[in-house]
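Below you'll find the structure, written out as structure tokens, and then a few comments.
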Amino acid sequence: MAILVLGGAGYIGSHTVYELIDAGRDVVVADNLQTGFRAAVHPKARFYELDIRDRPALDALFERESIEGVIHFAASSQVGESMTDPLKYYDNNLCGTMVLLQSMVAHQVGKIVFSSTAATYGERSQMPILESDRTEPTNCYGETKLSMERMMGWVSRAHGLRYVALRYFNACGAHPSGSIGEAHDPETHLVPVILQVPNGRRAAVSVFGGDYPTKDGTCVRDYIHVTDLAQAHILALDYLLRGGENNVFNLGNGVGFTVREVIECARAVTGHPIPAELSPRRAGDPAQLVASSEKAKAVLGWRPRYNDLETIVASAWNWHKNHPNGYQEG
Ligand SMILES: NC(=O)c1ccc[n+]([C@@H]2O[C@H](COP(=O)([O-])OP(=O)(O)OC[C@H]3O[C@@H](n4cnc5c(N)ncnc54)[C@H](O)[C@@H]3O)[C@@H](O)[C@H]2O)c1
Ligand SMILES: O=c1ccn([C@@H]2O[C@H](COP(=O)(O)OP(=O)(O)O[C@H]3O[C@H](CO)[C@H](O)[C@H](O)[C@H]3O)[C@@H](O)[C@H]2O)c(=O)[nH]1
């Protein structure tokens, strides 16, 4: 039986596929390559280029492959874009997941682990955030992810599907081998944007907002290494395969860093001065998001290995300095 990884050509998906294959699993990847790269897909995975909104293509895949569980990364995931183009998020994230679940139910594939997000919580005043805290997204991206969680809940009641929603905080870093890493075009995530400066692709980094109620006025986030996230997906899948109930888990390091602290850390790692300039706030950004991941540790046995920001940024830099254009040549 194989594991189907949807969005397995993307950043977190490709790292998860590497961990699955290292663990000896049989892996099928499906991706429409809208933000992913064929070159990021592990050579031992069977690849299908398809859009998850294409029901006949999904049906054909489930008929051809013997799938025991699905890991679902395929979504649009930029906070800023979701505020200016919300319908893209309803279309890709909600319609995509609806068609996927229709096809899974029809083919009696009953287990799914999927990417949710810290953005489901919105503006919370108590840190760290627990899974039981209120969910009030401040951006459309988080709203669609919360709706995806609820869709799974109703489908579970009706059809017995079981799911784990992993609410991750800010993914960063790259595979220790240096063979895959983060590549988005255009890049919007803080760590790779900062590293474009020492790579000569950007003159300075913009700091979005300096008047948040945080220690230096810039947003606080919890940065978690992509390999630690990848491991959590395998643990969550095995939990479902053992008969585990529907569940939701935060995944983060439990430590918050301001935007200015991340820039300072990148200066230390790269030895480059990395100029920063203050810009207006970005719509939809909560002031702080820091995880409690105690539940994932207790229930799944998750043990993140990269809990130091400098190590995480150094691992990202190891990829970006050797691949300044990501997966594109030249
Ligand atoms: N990067 C983060 O910090 C972060 C944090 C929390 C949650 N997430 C979630 O994790 C998941 C992966 O994020 P990422 O950073 O790797 O993003 P990514 O854009 O690199 O990966 C997403 C992959 O899904 C594919 N895809 C998108 N829509 C598709 C569709 N309709 N059909 C088939 N394939 C499709 C893309 O081509 C891409 O390869 C997303 O669901 C995102 O919302 C990311
Ligand atoms: O050029 C930049 C880019 C980002 N930021 C700031 O840096 C922080 C992190 O921004 P990212 O865009 O890297 O990440 P987000 O926190 O907005 O979102 C990320 O983490 C979320 C969960 O916390 C979501 O799941 C989402 O998919 C993922 O992109 C934010 O305060 C943002 O305003 C800047 O100041 N300048």
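Read the numbers this way: they start at 1 and go in the same order the structure lists the ligands and their atoms.
For L289, no nitrogen or oxygen atom sits less than 3.5 Å from a nitrogen or oxygen atom of ligand 2, counting backbone and side chain alike. Where the criterion is an N or O separation shorter than 3.5 Å, residue side chain and backbone included, I52 meets it with respect to ligand 1. Polar contact with ligand 2: absent for Y223 (N/O pair, distance under 3.5 Å). Every N/O-N/O distance between G13 and ligand 1 stays at or above 3.5 Å.
Atom 25 (O) of ligand 2 has T117 OG1, 2.5 Å as its closest protein atom, hydrogens excluded (heavy atom only). The protein atom (non-hydrogen) at minimum distance from atom 31 (O) of ligand 2 is C219 CB, 3.0 Å. Atom 15 (P) of ligand 2 has N170 ND2, 3.5 Å as its closest protein atom, hydrogens excluded (heavy atom only). From the protein, the heavy atom lying nearest to atom 26 (C) of ligand 2 is Y141 CE2, 3.6 Å. Counting only heavy atoms of the protein, atom 10 (O) of ligand 2 lies nearest to R282 NH2, 3.5 Å. Of all protein heavy atoms, the one closest to atom 2 (C) of ligand 2 is F208 CE1, 3.3 Å. Atom 6 (C) of ligand 2 has as its closest protein heavy atom V259 CG2, 3.8 Å. Atom 13 (O) of ligand 2 has its closest protein heavy atom at L190 N, 2.8 Å.
At a 4.0 Å heavy-atom cut-off, ligand 1 does not touch L6 at all. Residue contacts with ligand 2, taken as heavy atom pairs separated by less than 4.0 Å, do not involve V262 at all. With a 4.0 Å cut-off on non-hydrogen atoms, F37 does not touch ligand 1 at all. Neither the backbone nor the side chain of C172 has a heavy atom within less than 4.0 Å of ligand 1. With a heavy-atom cut-off of 4.0 Å, A171 does not touch ligand 2 at all. Of all the heavy atoms of E182, none lies under 4.0 Å from any atom of ligand 1, so neither backbone nor side chain is involved. The parts of H189 lying near ligand 2 are both backbone and side chain, judged by heavy-atom distances below 4.0 Å.
Using a 4.0 Å cut-off between a side-chain N of Lys or Arg and a carboxylate O of Asp or Glu, K111 and E68 do not qualify as a salt bridge. Salt-bridge annotation for D31 and R38: absent, with no side-chain N of the basic residue lying under 4.0 Å from a carboxylate O of the acidic one. Using a cut-off of 4.0 Å between Lys/Arg side-chain N and Asp/Glu carboxylate O, K88 and D91 are scored as not salt-bridged. For K215 and E261, the salt-bridge test passes: some basic side-chain N is under 4.0 Å from an acidic carboxylate O. Checked for salt-bridge contact, R281 and D285 miss the test: no charged N lies under 4.0 Å from a carboxylate O. Contact check on R303 versus D228 returns no salt bridge, with no Lys/Arg side-chain nitrogen under 4.0 Å from an Asp/Glu carboxylate oxygen. Using a 4.0 Å cut-off between a side-chain N of Lys or Arg and a carboxylate O of Asp or Glu, R167 and D133 do not qualify as a salt bridge.
Between H233 and F73, the gap from one ring centroid to the other is short of 6.0 Å. Between W319 and Y11, the gap from one ring centroid to the other reaches at least 6.0 Å.
In this structure, H184 is part of the shell of residues with a heavy atom less than 4.0 angstrom from ligand 1. Assignment of Y141 to the shell around ligand 1 is supported, since a heavy atom sits closer than 4.0 Å. Using a 4.0 Å cutoff on heavy atoms, A9 counts as a contact of ligand 1.
Counting heavy atoms only, S116 comes closest to atom 7 (C) of ligand 1 of the residues S116, S77, S115. Considering each of F73, F169, Y11, F114, the one bringing a non-hydrogen atom nearest atom 15 (O) of ligand 1 is Y11. Compare T117, T97, I12 by their heavy atoms: the one nearest to atom 4 (C) of ligand 1 is in I12.
Listed by number with element, the atoms of ligand 1 under 4.0 angstrom from any heavy atom of H189 are 1 (N). Set against the non-hydrogen atoms of G36, the atoms of ligand 1 under 4.0 Å away are 36 (C), 37 (O), 38 (C), 39 (O). The atoms of ligand 1 that sit less than 4.0 Å from any heavy atom of G7 are 23 (C), 24 (O), 25 (C). For ligand 1, the atoms lying closer than 4.0 Å to a non-hydrogen atom of L33 are 37 (O). Taking every non-hydrogen atom of L50 and a distance limit under 4.0 Å, the qualifying atoms of ligand 1 come out as 32 (N), 33 (C). Under a 4.0 Å criterion applied to the non-hydrogen atoms of K145, ligand 1 contributes the atoms 40 (C), 41 (O), 42 (C), 43 (O).
Within the structure, side chain to side chain donor-acceptor pair (under 3.5 Å) contacts touching residues 136-145 (residues at least two apart or in different chains) are N93-T144, R124-E136, R134-E136.
In summary, of the residues considered (V27, L33, V28), a side-chain contact (heavy atoms from CB on, under 4.5 Å) with F47 occurs for L33 alone.
Side-chain atoms of S315 and H225 include a donor-acceptor pair closer than 3.5 Å. Counting only N and O atoms by type, the side chains of N250 and S293 include no donor and acceptor under 3.5 Å apart.
Note: F249 and Y239 have perpendicular aromatic rings, judged against thresholds of 30 and 60 degrees for the angle between ring planes.
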